[in-house]
Amino acid sequence: MSSNPTHPINGKHVLVLTTNYGTEQDELKEPVAALREAGAQVTVAAREDAPVVTLVSDRRPGDTVRPDTTYGAVSADAYDAVVVPGGTVNADRLRTDQTAQRLLMAFATHGKIVAAICHGPWLLIESGLVAGKELTSYPSISTDLVNAGGTWRDREVVVDTSGGFPLITSRRPADVRPFSAAIIEALARAGHPAPA
(Lines give C-alpha, C1' and ligand atoms only; values in the text may rest on other atoms or scores of the structure.)
Protein backbone atom coordinates (compact mmCIF):
# COMPACT_ATOMS: atom_id res chain seq x y z
CA MET A 1 0.00 0.00 0.00
CA SER A 2 1.46 3.35 -0.97
CA SER A 3 1.88 6.27 1.42
CA ASN A 4 3.36 8.61 -1.18
CA PRO A 5 1.48 11.94 -0.85
CA THR A 6 1.96 12.63 -4.56
CA HIS A 7 -0.30 9.75 -5.49
CA PRO A 8 -3.66 11.06 -6.71
CA ILE A 9 -5.90 9.20 -4.24
CA ASN A 10 -3.63 8.83 -1.25
CA GLY A 11 -5.78 8.34 1.86
CA LYS A 12 -8.95 7.33 0.02
CA HIS A 13 -10.68 4.15 1.18
CA VAL A 14 -12.21 1.71 -1.32
CA LEU A 15 -14.34 -1.36 -0.60
CA VAL A 16 -14.45 -4.27 -3.08
CA LEU A 17 -17.40 -6.67 -2.76
CA THR A 18 -17.12 -10.30 -3.85
CA THR A 19 -18.50 -13.71 -3.10
CA ASN A 20 -16.11 -16.56 -2.41
CA TYR A 21 -16.40 -18.32 -5.77
CA GLY A 22 -16.65 -17.38 -9.41
CA THR A 23 -15.34 -13.81 -9.43
CA GLU A 24 -13.61 -12.90 -12.68
CA GLN A 25 -9.91 -12.91 -11.75
CA ASP A 26 -8.77 -9.77 -13.58
CA GLU A 27 -11.86 -7.79 -12.58
CA LEU A 28 -10.94 -8.36 -8.94
CA LYS A 29 -7.16 -8.31 -8.90
CA GLU A 30 -6.40 -5.57 -11.44
CA PRO A 31 -8.59 -2.77 -10.02
CA VAL A 32 -7.32 -3.59 -6.52
CA ALA A 33 -3.71 -3.34 -7.72
CA ALA A 34 -4.33 -0.12 -9.68
CA LEU A 35 -6.14 1.56 -6.79
CA ARG A 36 -3.43 0.61 -4.31
CA GLU A 37 -0.73 1.81 -6.69
CA ALA A 38 -2.54 5.16 -6.90
CA GLY A 39 -2.50 5.44 -3.10
CA ALA A 40 -5.90 4.12 -2.01
CA GLN A 41 -6.43 1.84 0.94
CA VAL A 42 -8.41 -1.07 -0.52
CA THR A 43 -10.42 -3.57 1.49
CA VAL A 44 -11.58 -6.77 -0.21
CA ALA A 45 -14.74 -7.95 1.53
CA ALA A 46 -16.15 -11.40 0.76
CA ARG A 47 -19.35 -13.09 1.82
CA GLU A 48 -17.43 -15.46 4.10
CA ASP A 49 -14.09 -15.27 5.88
CA ALA A 50 -12.57 -17.77 3.47
CA PRO A 51 -10.49 -17.60 0.27
CA VAL A 52 -12.03 -16.14 -2.88
CA VAL A 53 -11.65 -18.66 -5.70
CA THR A 54 -11.59 -16.73 -8.97
CA LEU A 55 -12.25 -17.89 -12.51
CA VAL A 56 -10.93 -16.77 -15.89
CA SER A 57 -13.67 -16.25 -18.50
CA ASP A 58 -16.13 -18.09 -16.21
CA ARG A 59 -14.47 -21.40 -17.12
CA ARG A 60 -10.84 -21.80 -16.14
CA PRO A 61 -9.53 -21.78 -12.58
CA GLY A 62 -7.96 -18.48 -11.59
CA ASP A 63 -5.97 -17.25 -8.63
CA THR A 64 -7.16 -17.57 -5.06
CA VAL A 65 -7.43 -14.26 -3.21
CA ARG A 66 -7.52 -13.88 0.57
CA PRO A 67 -10.17 -11.28 1.54
CA ASP A 68 -9.52 -8.73 4.26
CA THR A 69 -12.93 -9.07 5.89
CA THR A 70 -16.55 -10.02 5.25
CA TYR A 71 -19.03 -7.53 3.88
CA GLY A 72 -21.31 -8.21 6.80
CA ALA A 73 -18.65 -6.65 9.03
CA VAL A 74 -18.20 -3.34 7.19
CA SER A 75 -20.07 -0.07 6.83
CA ALA A 76 -20.25 2.31 3.88
CA ASP A 77 -19.41 5.13 6.30
CA ALA A 78 -15.74 4.10 6.35
CA TYR A 79 -15.25 4.18 2.56
CA ASP A 80 -15.21 6.63 -0.33
CA ALA A 81 -16.12 4.14 -3.07
CA VAL A 82 -17.34 0.60 -3.65
CA VAL A 83 -16.28 -1.67 -6.52
CA VAL A 84 -18.28 -4.69 -7.70
CA PRO A 85 -16.34 -7.09 -9.96
CA GLY A 86 -18.07 -9.48 -12.31
CA GLY A 87 -17.86 -13.11 -13.12
CA THR A 88 -21.25 -14.65 -13.88
CA VAL A 89 -21.34 -16.97 -10.86
CA ASN A 90 -20.09 -14.30 -8.47
CA ALA A 91 -22.50 -11.65 -9.75
CA ASP A 92 -25.49 -14.00 -9.72
CA ARG A 93 -24.85 -14.88 -6.08
CA LEU A 94 -24.00 -11.32 -5.06
CA ARG A 95 -27.15 -9.78 -6.49
CA THR A 96 -29.41 -11.89 -4.24
CA ASP A 97 -27.44 -11.08 -1.08
CA GLN A 98 -29.41 -8.57 1.00
CA THR A 99 -26.32 -7.46 2.93
CA ALA A 100 -24.56 -6.57 -0.32
CA GLN A 101 -27.69 -4.79 -1.55
CA ARG A 102 -27.92 -2.70 1.63
CA LEU A 103 -24.25 -1.77 1.40
CA LEU A 104 -24.59 -0.62 -2.20
CA MET A 105 -27.69 1.42 -1.37
CA ALA A 106 -25.83 3.06 1.53
CA PHE A 107 -23.00 4.16 -0.77
CA ALA A 108 -25.48 5.66 -3.23
CA THR A 109 -27.58 7.32 -0.53
CA HIS A 110 -24.50 9.10 0.80
CA GLY A 111 -23.39 10.23 -2.68
CA LYS A 112 -20.35 7.98 -2.76
CA ILE A 113 -18.80 6.38 -5.84
CA VAL A 114 -20.34 3.10 -7.00
CA ALA A 115 -18.44 1.11 -9.65
CA ALA A 116 -19.37 -2.21 -11.28
CA ILE A 117 -17.98 -4.17 -14.21
CA CYS A 118 -19.18 -6.99 -16.47
CA HIS A 119 -22.02 -8.87 -14.72
CA GLY A 120 -21.50 -6.81 -11.54
CA PRO A 121 -24.31 -4.37 -12.52
CA TRP A 122 -26.80 -7.14 -11.70
CA LEU A 123 -26.31 -6.02 -8.07
CA LEU A 124 -27.20 -2.46 -9.12
CA ILE A 125 -30.57 -3.72 -10.38
CA GLU A 126 -31.40 -5.56 -7.16
CA SER A 127 -30.30 -2.52 -5.14
CA GLY A 128 -32.63 -0.20 -7.07
CA LEU A 129 -29.80 1.94 -8.46
CA VAL A 130 -30.30 1.65 -12.24
CA ALA A 131 -33.39 3.75 -13.02
CA GLY A 132 -32.47 6.98 -14.79
CA LYS A 133 -28.78 6.06 -15.06
CA GLU A 134 -26.62 5.70 -18.17
CA LEU A 135 -24.41 2.65 -17.84
CA THR A 136 -22.80 -0.34 -19.47
CA SER A 137 -22.18 -4.00 -18.64
CA TYR A 138 -21.44 -7.31 -20.27
CA PRO A 139 -23.72 -7.20 -23.33
CA SER A 140 -25.75 -10.26 -22.30
CA ILE A 141 -27.30 -8.37 -19.36
CA SER A 142 -28.03 -5.15 -21.26
CA THR A 143 -31.74 -5.98 -21.52
CA ASP A 144 -31.90 -6.52 -17.74
CA LEU A 145 -30.49 -3.03 -17.19
CA VAL A 146 -32.82 -1.42 -19.73
CA ASN A 147 -35.80 -3.20 -18.14
CA ALA A 148 -34.68 -1.77 -14.77
CA GLY A 149 -34.89 1.76 -16.22
CA GLY A 150 -31.30 2.36 -17.28
CA THR A 151 -29.88 3.54 -20.59
CA TRP A 152 -27.31 1.01 -21.81
CA ARG A 153 -24.27 2.08 -23.84
CA ASP A 154 -21.74 -0.14 -25.61
CA ARG A 155 -18.62 1.65 -24.33
CA GLU A 156 -15.55 0.48 -22.44
CA VAL A 157 -16.46 2.75 -19.53
CA VAL A 158 -19.51 4.89 -18.74
CA VAL A 159 -19.51 7.50 -15.97
CA ASP A 160 -22.87 8.91 -14.85
CA THR A 161 -22.86 11.56 -12.11
CA SER A 162 -26.62 12.18 -12.11
CA GLY A 163 -29.09 11.03 -9.49
CA GLY A 164 -27.09 11.91 -6.41
CA PHE A 165 -24.13 9.54 -6.77
CA PRO A 166 -21.36 8.83 -9.31
CA LEU A 167 -21.79 5.51 -11.13
CA ILE A 168 -18.90 3.98 -13.09
CA THR A 169 -19.49 0.87 -15.21
CA SER A 170 -17.55 -1.21 -17.73
CA ARG A 171 -18.26 -4.18 -19.98
CA ARG A 172 -15.65 -6.92 -19.59
CA PRO A 173 -12.10 -7.87 -18.45
CA ALA A 174 -10.59 -6.12 -21.48
CA ASP A 175 -11.98 -2.83 -20.10
CA VAL A 176 -10.36 -3.14 -16.66
CA ARG A 177 -7.69 -0.48 -17.28
CA PRO A 178 -10.08 2.32 -18.30
CA PHE A 179 -12.49 1.15 -15.58
CA SER A 180 -9.77 1.45 -12.92
CA ALA A 181 -8.61 4.79 -14.34
CA ALA A 182 -12.16 6.18 -14.16
CA ILE A 183 -12.47 5.15 -10.50
CA ILE A 184 -9.12 6.77 -9.69
CA GLU A 185 -10.14 9.96 -11.49
CA ALA A 186 -13.48 10.09 -9.65
CA LEU A 187 -11.76 9.56 -6.30
CA ALA A 188 -9.21 12.27 -7.08
CA ARG A 189 -12.06 14.70 -7.79
CA ALA A 190 -14.01 13.71 -4.67
CA GLY A 191 -13.79 15.60 -1.38
CA HIS A 192 -11.93 14.63 1.74
CA PRO A 193 -11.25 10.97 2.48
CA ALA A 194 -13.76 9.03 4.56
CA PRO A 195 -12.83 8.66 8.25
CA ALA A 196 -10.78 5.57 9.03
Side-chain angles (χ1 to χ4, degrees), residues 1-2 9 12-74 79 81-97 99-100 103-104 107 113-127 135-142 144-145 154-158 167-187:
M1 191 179 311
S2 173
I9 56 172
K12 298 290 187 175
H13 296 258
V14 180
L15 182 66
V16 179
L17 298 182
T18 178
T19 59
N20 294 88
Y21 179 78
T23 308
E24 184 66 33
Q25 173 187 280
D26 291 349
E27 293 171 3
L28 175 59
K29 294 185 70 178
E30 290 190 22
V32 167
L35 287 160
R36 286 178 175 158
E37 177 64 25
Q41 296 182 38
V42 182
T43 300
V44 177
R47 176 182 278 181
E48 299 170 6
D49 184 17
V52 174
V53 179
T54 70
L55 296 175
V56 176
S57 301
D58 282 334
R59 295 183 302 276
R60 298 188 307 279
D63 294 341
T64 298
V65 175
R66 171 52 82 173
D68 302 298
T69 187
T70 62
Y71 48 74
V74 298
Y79 299 93
V82 61
V83 178
V84 183
T88 308
V89 175
N90 166 67
D92 193 46
R93 291 177 177 175
L94 200 59
R95 69 175 172 165
T96 61
D97 189 298
T99 301
L103 264 174
L104 221 63
F107 275 90
I113 298 162
V114 176
I117 187 169
C118 198
H119 287 77
W122 263 338
L123 181 57
L124 300 172
I125 295 171
E126 301 301 329
S127 304
L135 71 171
T136 193
S137 67
Y138 197 74
S140 66
I141 69 166
S142 62
D144 297 344
L145 293 165
D154 187 11
R155 297 186 199 139
E156 63 182 12
V157 64
V158 174
L167 176 62
I168 300 166
T169 51
S170 283
R171 301 170 300 186
R172 54 177 56 97
D175 300 332
V176 163
R177 284 188 181 178
F179 177 66
S180 301
I183 298 168
I184 291 166
E185 181 179 349
L187 283 164

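For the single chain, residues carry numbers from 1 onward in sequence order. Only heavy atoms go into these numbers, but all of them, side chains included; no hydrogens, no water, no symmetry mates.
Between the OG1 atom in T43 and the CG atom in D68 there is a gap of 5.5 Å [rounded to 0.5 Å]. Atoms CD1 and CD1, from I117 and I183 in turn, are 8.0 Å apart once rounded to the nearest 0.5 Å. From R155, atom CZ reaches atom CG of L135 across 11.0 Å, with rounding to the nearest 0.5 Å. Residue E30 holds its CD atom at 10.0 Å from CD of E24, rounded to the nearest 0.5 Å. With rounding to the nearest 0.5 angstrom, the CG atom of D58 is 3.5 Å from the OG1 atom of T88.
In this structure, a donor-acceptor pair under 3.5 Å is present between the side chains of N90 and T19.
The backbone N or O of R95 lies less than 3.5 Å from no partner atom in the side chain of E126, so there is not a single donor-acceptor pair. Although no hydrogens or angles enter the test, the distance criterion places no donor-acceptor pair under 3.5 Å between the side chain of D26 and the main chain of P173.
P67 and P51 make their closest contact through CD-CA, 4.1 Å (heavy atoms, listed as atom of the first residue, atom of the second, distance). Closest approach of I9 and A40 over heavy atoms only: CD1-CB, 3.5 Å. Taking every heavy atom of both residues into account, A73 and T69 meet most closely at CB-OG1, 3.7 Å. The two residues P31 and V176 make their nearest non-hydrogen contact at CD-CG1, 3.9 Å. Here the shortest heavy-atom pairing between L187 and A81 reads CD2-CB, 3.9 Å. Closest non-hydrogen pair, Q25 versus T54, comes out as CB-OG1, 3.4 Å.
Residues that satisfy the side-chain contact (heavy atoms from CB on, under 4.5 Å) test with D144, not counting sequence neighbours, are W122, I125, I141. For R59, the side-chain contact (heavy atoms from CB on, under 4.5 Å) partners are S57, not counting sequence neighbours.
Counting non-hydrogen atoms of other residues, nucleotides and ligands closer than 6.0 Å to CG of D63 gives a total above 12.
Within the structure, the side chain to side chain donor-acceptor pair (under 3.5 Å) test picks out the following pairs touching residues 167-185 (sequence neighbours left out): D154-R171, R171-D175, E185-R189.
At least one side-chain heavy atom of Y21 sits under 4.5 Å from a side-chain heavy atom of L55. A 4.5 Å side-chain heavy-atom check between L15 and L103 finds at least one atom pair inside the cut-off.
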| field | Worked verdict on Y71 versus L94 for side chain to side chain contact (heavy atoms under 4.5 Å, CB included) | value | CA-CA 11 Å; Y71 48 74; L94 200 59; 3.6 Å; yes

| said: Walk me through whether L167 and L124 qualify under side chain to side chain contact (heavy atoms under 4.5 Å, CB included). | reply: CA-CA 10 Å; L167 176 62; L124 300 172; 3.9 Å; yes

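Checked options I184, V158, I168; the residue passing with F179 is I168 (criterion: side-chain contact (heavy atoms from CB on, under 4.5 Å)). Between Y79 and the options V16, V74, V14, a side-chain contact (heavy atoms from CB on, under 4.5 Å) holds for only V74. With R47 as reference, D97 is the one residue of T18, T99, N20, D97 to meet the side chain to side chain donor-acceptor pair (under 3.5 Å) rule.
A parallel orientation is assigned to the rings of Y138 and H119, their planes being inclined by less than 30° (bins at 30° and 60°).
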